[in-house]
Number of protein chains: 2
Amino acid sequence: MSDVARLAGVSIKTVSRVVNDEPGVHPGTAERVLAAIEQLGFRRNVGARNLRRGSSTGTVGLILEDVANPFYSLLTRAVEEVARQHGRLVLTGSSDEEPARERDLALEFCARRVDGLLIVPAGLQHGYLVPEMRAGTPVVFLDRPAGDVVADTVLVDNIGGTAEAVRHLASFGHRRVAFLGDSPGIYTAVERLRGFREGCARAGLRYDDDLVVMGPPDERGVAAALRRLLSGPDPATAVVAGNNRITVHAVRALAHRPDRPALVGFDDFELADLLDPPVTVVAHDTAALGRVAAELLFGRLDGDSSPPRRVVLPVRLVARGSGEVRLS
Amino acid sequence: MSDVARLAGVSIKTVSRVVNDEPGVHPGTAERVLAAIEQLGFRRNVGARNLRRGSSTGTVGLILEDVANPFYSLLTRAVEEVARQHGRLVLTGSSDEEPARERDLALEFCARRVDGLLIVPAGLQHGYLVPEMRAGTPVVFLDRPAGDVVADTVLVDNIGGTAEAVRHLASFGHRRVAFLGDSPGIYTAVERLRGFREGCARAGLRYDDDLVVMGPPDERGVAAALRRLLSGPDPATAVVAGNNRITVHAVRALAHRPDRPALVGFDDFELADLLDPPVTVVAHDTAALGRVAAELLFGRLDGDSSPPRRVVLPVRLVARGSGEVRLS
DNA sequence: CGCCGCTATGACAACGTTGTCGGGAGCCGG
DNA sequence: CCGGCTCCCGACAACGTTGTCATAGCGGCG
């Protein structure tokens with residue numbers, strides 16, 4: 001900036017005025033300054049500006065499990081869009097479901113003075129955020145609530161969704177319905193399992209521990225679980241898959257089996273309608289999840305200081321075929 | 001920081017020393033300072049630190065077309081991973097294929113003094129980056145080269161890939177092969193069209209303008225194009241789809257047609273193997289694209305000042321069924 | 001006992017920017 | 001001719017941090 005000032009023959013304060021479109025600069029002077037800026041390729045240092053003004057850094061942080069997962073990438077895009085409307089940039093980070101990594105990312109973001117944080121929690125301990133929140137950084141949790149801090153939270157109707165999936169399957173005559181869930185450390189996995197039990201109870205199915213498998217959604221694990229669930233004297237005739245990864249792995253594992261069970265997946269996914277059979281899912285508006293969370297965050301940044309809100313977005317069962325297998 | 005100093009009964013400089021693990025602080029003093037830091041929830045302001053030290057901001061910028069597209073989200077994840085290994089955070093932004101938006105994002109990133117930029121170019125003019133690059137911000141272009149600046153670039157073998165797709169289809173007897181490409185303003189679309197023509201020439205097929213449709217990859221457009229290509233007196237019997245979006249839309253449009261053409265898509269995508277028929281694609285290592293680009297960038301940051309490199313990653317045809325329809 | 005050197009600490013300036021304030025030049029009216 | 005006003009502009013401090021340098025205290029050694 002001082003280079004620009006020297007070249008234009010003015011003080012740096014005048015350069016600052018021009019850069020900020022402040023009034024009270026002679027047009028001719030402004031022109032000289034702009035020419036100097038152009039010539040030197042000057043770009044204002046936003047960091048220094050924020051330091052001096054004590055103002056917003058114009059960034060928000062987004063922490064999720066894995067951007068490569070289409071569910072989260074949709075969410076990322078939605079957040080980015082709202083951020084753009086509010087003139088903010090987005091710092092993203094994948095936690096890989098590791099609480100320590102989530103924590104490191106969040107604290108790094110805070111050290112960079114993000115205006116706010118959007119977090120898909122990887123664990124249940126978020127006390128580390130308390131000082132930051134007290135210092136004025138709003139935090140919104142997405143998809144899962146935090147274990148031990150009160151803050152805005154946006155969820156989908158996990159319980160209602162899986163319960164509905166069970167009801168749907170039971171209405172086609174299934175009595176042996178299995179549940180394939182993510183690791184029991186994950187909130188949504190536990191909630192969906194709860195919904196599953198609730199659905200069983202309502203449909204008058206006997207809940208059977210042997211029909212539940214919880215674990216990380218890798219291809220081999222899902223395939224092995226399915227082999228077990230579909231064998232034995234009293235095999236499952238229908239499966240509820242607990243999230244998009246598990247559903248996809250299940251579809252792949254079942255592709256060449258003659259005795260395919262009925263299948264309903266949680267989370268919609270691209271091409272579900274083109275598989276054979278098309279996959280019935282409990283769908284929700286993923287983009288809305290991100291959008292609502294981001295809008296809550298920006299509401300806080302705009303001064304909304306009402307008590308923390310918990311928003312639960314509805315789900316709906318999309319019947320496509322894989323879940324409508326009538327038990328003979 | 002001065003609050004911490006006051007509480008610990010030391011000067012801010014000593015606090016700074018403690019925060020930075022500098023030697024020469026009495027253990028007892030350090031302990032008092034750490035206690036004060038803990039009590040006040042103090043977190044160092046990285047912005048101020050970078051300002052003073054004139055050092056790296058510890059962030060890199062990534063600009064691509066749309067994170068929600070699985071191709072780009074894979075790429076994002078790969079970049080993030082490399083960045084993490086180098087202790088950097090990633091600022092992301094979607095350009096939506098609009099040059100102005102790409103430019104705004106890039107300049108915002110530069111104003112925030114990112115250490116480097118990774119860009120999937122949305123247009124052909126990148127002169128706006130010259131001052132930044134001269135000022136020392138390394139830039140690496142991914143997936144497409146920049147129009148008018150020389151910089152590191154990582155591409156996939158677009159020409160070889162489509163040429164191979166045509167060769168493959170021709171080997172099954174197809175003579176009327178169509179090409180469905182993205183908008184002609186996009187580098188990869190043009191390159192892949194070139195590869196298509198080259199493939200036609202090598203396979204002894206007559207190149208026919210009527211068999212080429214270029215345009216934005218929306219569902220309706222792709223469906224309409226396919227209707228046209230597959231009708232008339234001399235319809236196409238095989239189709240090369242120019243990218244993952246187009247392939248997916250094509251699969252959907254063709255799903256319920258009796259006269260399905262053979263299909264080869266560019267870019268692999270999840271579930272391609274489970275569709276009916278499984279989709280033959282020209283695959284490449286998307287994560288490697290991001291990884292190599294990011295590594296090039298960090299190489300520059302580590303002082304590599306060799307001439308700009310252009311890396312072209314190989315592709316390979318994955319035959320799954322949709323492309324192996326022998327013409328009767 | 002005086003000087004050296006080492007340890008632990010603080011005062012100060014500077015990073016790039018902007019808010020505050022003060023002042024010079026020009027103009028007007030009295 | 002002078003007071004006051006407006007228009008432009010610059011000097012200076014401050015944001016939170018760290019590099020440089022100075023210094024007080026203290027033990028050891030000749």
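Bear in mind the structure is a predicted one, so any value in this text is a computation, not a measurement.
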Completion exercise
note: B/Asp3, atom CG; D/dC15, atom C1'; distance rounded to Å ~ 14 Å
Practice task
Please confirm whether any donor atom in the side chain of A/Arg113 sits under 3.5 Å from an acceptor in the base of D/dG16, or the reverse.
Solution key: no
Exercise for the section: Could you please name the option among C/dG10, C/dT17, D/dG16 that lies closest to any side-chain atom of B/Ser11? Expected result: C/dG10
Problem - Nearest-angstrom distance from the residue atom NZ of A/Lys13 to C1' of D/dC9 - result: 11 Å
Practice task
Select base, sugar-phosphate, or nothing to describe what B/Gly54 touches, counting heavy atoms under 4.0 Å on all strands.
Solution key: nothing
Exercise for the section: Please assess A/Asp96 against A/Ser94 for the test side-chain hydrogen bond (donor to acceptor under 3.5 Å, both in side chains), listing each intermediate value before the final yes or no. Expected result: CA-CA 6 Å; A/Asp96 264 336; A/Ser94 299; over 6 Å; no
Practice task
Measure up the B/Phe71 and B/His284 rings against each other and bin them: parallel (under 30°), tilted (30 to 60°), perpendicular (over 60°).
Solution key: perpendicular
Handout entry: Shortest side-chain distance from A/Ile12, nucleotide among D/dC9, C/dT18, D/dT18
Key = C/dT18
Exercise for the section: Return the nearest nucleotide to the side chain of B/Arg49; candidates are D/dC8, D/dG16, D/dT17. Expected result: D/dT17
Problem - Worked verdict on A/Asn158 versus A/Arg144 for side-chain hydrogen bond (donor to acceptor under 3.5 Å, both in side chains) - result: CA-CA 10 Å; A/Asn158 293 297; A/Arg144 315 170 186 171; over 6 Å; no
Practice task
Could you state the atom-to-atom distance from CZ of B/Arg112 to P of C/dG16 in whole Å?
Solution key: 18 Å
Practice task
Let me know the distance between CD of A/Glu22 and C1' of C/dC21, rounded to the nearest Å.
Solution key: 14 Å
Practice task
Compare side-chain N and O positions of A/Thr14 against OP1 and OP2 of D/dG10 and report whether any pair is under 4.0 Å apart.
Solution key: yes
Practice task
Evaluate the ring planes of B/His126 and B/Phe141, with Trp represented by its six-membered ring, and classify them as parallel (under 30°), tilted (30 to 60°) or perpendicular (over 60°).
Solution key: perpendicular
Completion exercise
With the side chain defined as heavy atoms from C-beta on, B/Arg52 is closest, among C/dG16, D/dT18, D/dA11, to D/dT18
Exercise for the section: Please state how far atom CZ in B/Arg6 lies from atom C1' in D/dG16, giving the value in whole angstrom units. Expected result: 14 Å
Exercise for the section: Would you indicate, yes or no, if D/dT17 has its OP1 or OP2 atom less than 4.0 angstrom from a side-chain nitrogen or oxygen of B/Asn50? Expected result: no
Exercise for the section: Can you figure out which of C/dT17, C/dA8, D/dG10 approaches the side chain of B/His26 most closely? Expected result: C/dA8
Practice task
Return the value, rounded to whole Å, for the distance between atom CZ of B/Arg32 and atom C1' of C/dG10.
Solution key: 14 Å
Fill in the blank from the handout: Contacts of B/Val46 and A/Arg17 projected onto DNA chain D by closest heavy atom; the upstream (5') one is A/Arg17
Problem - Interatomic distance where CG belongs to A/Asp21 and P belongs to C/dG19 [whole Å] - result: 13 Å
Handout entry: Min side-chain heavy-atom separation B/Val114-B/Leu91 under 4.5 Å
Key = yes
Handout entry: Residue A/Asn45, side-chain heavy atoms: nucleotide from C/dG16, C/dA13, C/dG19 that is nearest
Key = C/dG16
Fill in the blank from the handout: Assign each of B/Val25 and B/Ala48 the nucleotide of DNA chain C bearing its closest heavy atom; nearer the 5' end lies the nucleotide of B/Val25
Practice task
Choose from C/dT18, D/dC9, D/dT18 the nucleotide whose nearest atom is closest to any side-chain atom of A/Thr29.
Solution key: D/dC9
Fill in the blank from the handout: In short, A/Arg112 meets B/Thr57 closest at the heavy-atom pair NH2-O, 3.0 Å
Exercise for the section: Specify the separation, in whole Å, of atom CZ of A/Arg53 and atom P of C/dT17. Expected result: 13 Å
